[in-house]
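Below is one structure; the comments refer to it alone.
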Amino acid sequence: MHYLGIIWNPNETLFSLGPLQIKYYNLLWITAFGLGWFLMKKIFTNEKKTVEQLDSLFIHTVLATMLGARLGHVFFYDWPYYKNHLLEILLPIRERAHGTLFGFINGYEFTGFTGLASHGAIIGVLIGTYLYAKKYPDMKPLWLLDRMVIPFAIGAFCVRLGNFFNSEINGKVTDESFVFATKFIRDSDDLHPSQALGITKEKTVNAAYDAIENNPQFSEYLAQIPYRHPAQLYEGIAYIFVFAILYFLYWKTDKKNRTGYLFGVFLVLLWTIRFFVEFVKKSQGGFEESLGLLSTGQWLSIPFIIIGLYFMFKPQKG
């Protein structure tokens with residue numbers, strides 16, 4: 001059998017325009033929202049809703065998703081750090097001893113929002129949808145969610161693909177002989193940027209990681225980096241199937257008329273996938289050490305699965 005044995009070392013920046021860097025992760029987030037607007041426009045047209053109503057929903061959803069995802073990461077996964085760095089919760093900066101922000105603010109560096117949590121995103125969306133529905137009483141929150149979950153599913157794929165390009169949320173160590181085994185050279189747990197710079201004496205992180213991969217002088221360090229499961233791809237590809245199922249149920253069946261059903265299907269499928277992928281995903285921190293048995297992501301997924309089952313099987317009003 002042929003094993004892929006992937007060596008994964010992409011520069012997370014697609015291209016630069018002066019000081020502005022366009023990263024794969026950011027571009028995929030934009031793609032997710034763009035696809036979401038396109039799909040919802042098709043649905044709103046089918047439901048005889050206006051573009052003005054859609055634009056308002058889009059603004060609510062973007063803000064709710066980003067704010068919820070950020071706060072979810074802060075409180076679910078990294079509160080011990082952020083409780084002492086409150087300024088960094090809603091600003092894309094991070095404290096660094098020798099960093100300089102904008103050339104004159106010492107002690108910080110610009111990072112972008114590097115911590116976003118999907119569990120927080122869905123909570124934010126629920127709140128945002130409720131607030132939006134108050135403006136448009138003819139569209140109830142569950143009616144909206146039954147339709148919004150279709151673009152959410154394909155958006156989730158885009159986010160996980162972005163994680164793959166960022167070499168983050170990687171899987172646990174696996175044997176080189178595993179068909180999808182991937183060596184994430186930029187996994188900071190396996191080879192921290194400062195370590196790569198120290199080993200190669202290069203001036204930039206990108207040059208350092210490229211040297212580790214391609215320069216035979218550093219082959220021993222390359223060999224020490226373990227192969228891991230590409231957990232982001234497992235999860236992301238599975239989300240494509242969730243999207244296909246929801247798309248089919250909306251356009252080809254009458255399930256969209258059962259209030260809450262599509263929303264329930266989305267919760268059950270998405271978080272069940274997340275629950276099982278967590279078994280091959282390395283720890284993301286959080287409260288799993290205190291609860292034990294399951295990971296933080298698994299504990300957070302269980303309530304959403306239960307809620308989804310309720311909406312799928314709750315009796316319909318006659």
Side-chain angles (χ1 to χ4, degrees), residues 12-14 20-41 53-79 81-83 85-95 101 108-135 141 144-145 147-166 168-169 232 235-236 239 242-243 263 266-267 270-271 274 284-286 296-297 300-301 304:
E12 63 185 26
T13 302
L14 181 59
L20 180 63
Q21 294 184 336
I22 306 300
K23 299 179 181 293
Y24 286 103
Y25 186 73
N26 302 127
L27 187 61
L28 284 161
W29 266 94
I30 294 169
T31 300
F33 285 123
L35 284 173
W37 186 91
F38 174 79
L39 290 167
M40 284 303 293
K41 182 177 185 295
Q53 290 173 316
L54 173 60
D55 288 341
S56 179
L57 177 63
F58 181 76
I59 293 170
H60 277 76
T61 303
V62 171
L63 293 176
T65 300
M66 298 305 294
L67 187 59
R70 181 59 177 167
L71 293 178
H73 172 78
V74 168
F75 292 112
F76 294 151
Y77 290 96
D78 211 3
W79 179 239
Y81 173 83
Y82 284 103
K83 69 180 181 181
H85 300 84
L86 298 179
L87 192 64
E88 298 174 26
I89 293 177
L90 296 178
L91 292 178
I93 61 175
R94 196 168 185 88
E95 186 176 331
L101 189 64
Y108 288 92
E109 64 178 347
F110 179 84
T111 60
F113 290 119
T114 55
L116 300 171
S118 54
H119 295 93
I122 192 65
I123 293 172
V125 165
L126 293 175
I127 296 172
T129 303
Y130 171 77
L131 295 175
Y132 171 83
K134 291 186 70 174
K135 292 177 59 178
L144 283 164
L145 290 168
R147 287 140 182 85
M148 292 166 66
V149 292
I150 299 172
F152 286 170
I154 200 64
F157 161 73
C158 291
V159 171
R160 285 295 174 251
L161 187 59
N163 295 141
F164 184 65
F165 274 103
N166 272 5
E168 61 188 4
I169 317 183
Q232 319 94 319
E235 200 170 336
Y239 291 161
V242 177
F243 166 75
F263 177 55
F266 170 79
L267 292 180
L270 190 102
W271 299 113
R274 175 67 182 271
Q284 301 300 305
T296 301
L300 291 171
S301 296
F304 288 110

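Atom set for the values below is all heavy atoms of this structure, side chains included, hydrogens, waters and symmetry mates excluded.
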Of all heavy-atom pairs linking Ala156 and Tyr239, the shortest is CB-CD1, 3.4 Å
Phe33: which residues meet the side-chain contact (heavy atoms from CB on, under 4.5 Å) condition with it, sequence neighbours left out? Trp29, Phe58, Val62, Thr65, Met66
When you look at Val159 and Asn163, which way does the side chain to side chain contact (heavy atoms under 4.5 Å, CB included) test go after all the steps? CA-CA 6 Å; Val159 171; Asn163 295 141; 4.0 Å; yes
What is the distance from atom CG of Leu145 to atom CZ of Phe152, rounded to the nearest 0.5 Å? 6.5 Å
Give me the atom names and distance for the closest heavy-atom approach of Phe76 to Gly120. CE1-N, 4.1 Å
Look at the aromatic rings of His73 and Tyr82 and report parallel, tilted or perpendicular, splitting at 30° and 60°. perpendicular
Donor-acceptor contact below 3.5 Å, side chain Arg70 vs main chain Leu90: no
Should the ring pair Tyr24 and Phe165 be called parallel, tilted or perpendicular, given that the plane angle runs from 0 to 90° and is split at 30 and 60? parallel
Step-by-step side chain to side chain contact (heavy atoms under 4.5 Å, CB included) determination, Leu35 to Cys158: CA-CA 10 Å; Leu35 284 173; Cys158 291; 4.3 Å; yes
Mind checking the CD1-CZ spacing from Ile169 to Arg160? Nearest 0.5 Å is all I need. 4.5 Å
Flag the pair Phe304 / Ile123 as yes when at least one side-chain heavy-atom distance between them is below 4.5 Å, and no otherwise. yes
Closest heavy-atom pair, Gly162 versus Tyr25, reported as atoms and distance to 0.1 Å, is C-CD1, 3.5 Å
Distance (rounded to the nearest 0.5 Å) between Leu63 CG and Ile127 CD1: 13.0 Å
What pair of heavy atoms forms the shortest contact from Gly297 to His119, and how long is it? O-NE2, 3.4 Å
Enter the distance from Leu28:CG to Asn166:CG here, rounded to the nearest 0.5 Å. 9.0 Å
Ring pair (Phe, Tyr, Trp, His ring centres under 6.0 Å) against Phe263, all qualifying residues, sequence neighbours excluded: Phe311
Given side chain to side chain contact (heavy atoms under 4.5 Å, CB included), test Tyr132 with Gln53 step by step and report yes or no. CA-CA 10 Å; Tyr132 171 83; Gln53 290 173 316; 3.6 Å; yes
Value rounded to 0.5 Å, distance of CZ in Phe243 from CD1 in Ile150: 7.5 Å
Would you say Gln232's side chain and Glu168's backbone share a donor-acceptor pair under 3.5 angstrom? yes
I'd like to check the side-chain contact (heavy atoms from CB on, under 4.5 Å) partners of Lys83; sequence neighbours left out, ordered by chain and number. Trp79
Within this structure, what is the OG1-CD distance for the pair Thr296 and Gln284, rounded to the nearest 0.5 Å? 9.0 Å
Nearest heavy-atom approach of Gly128 to Ala64 is CA-CB, 4.0 Å
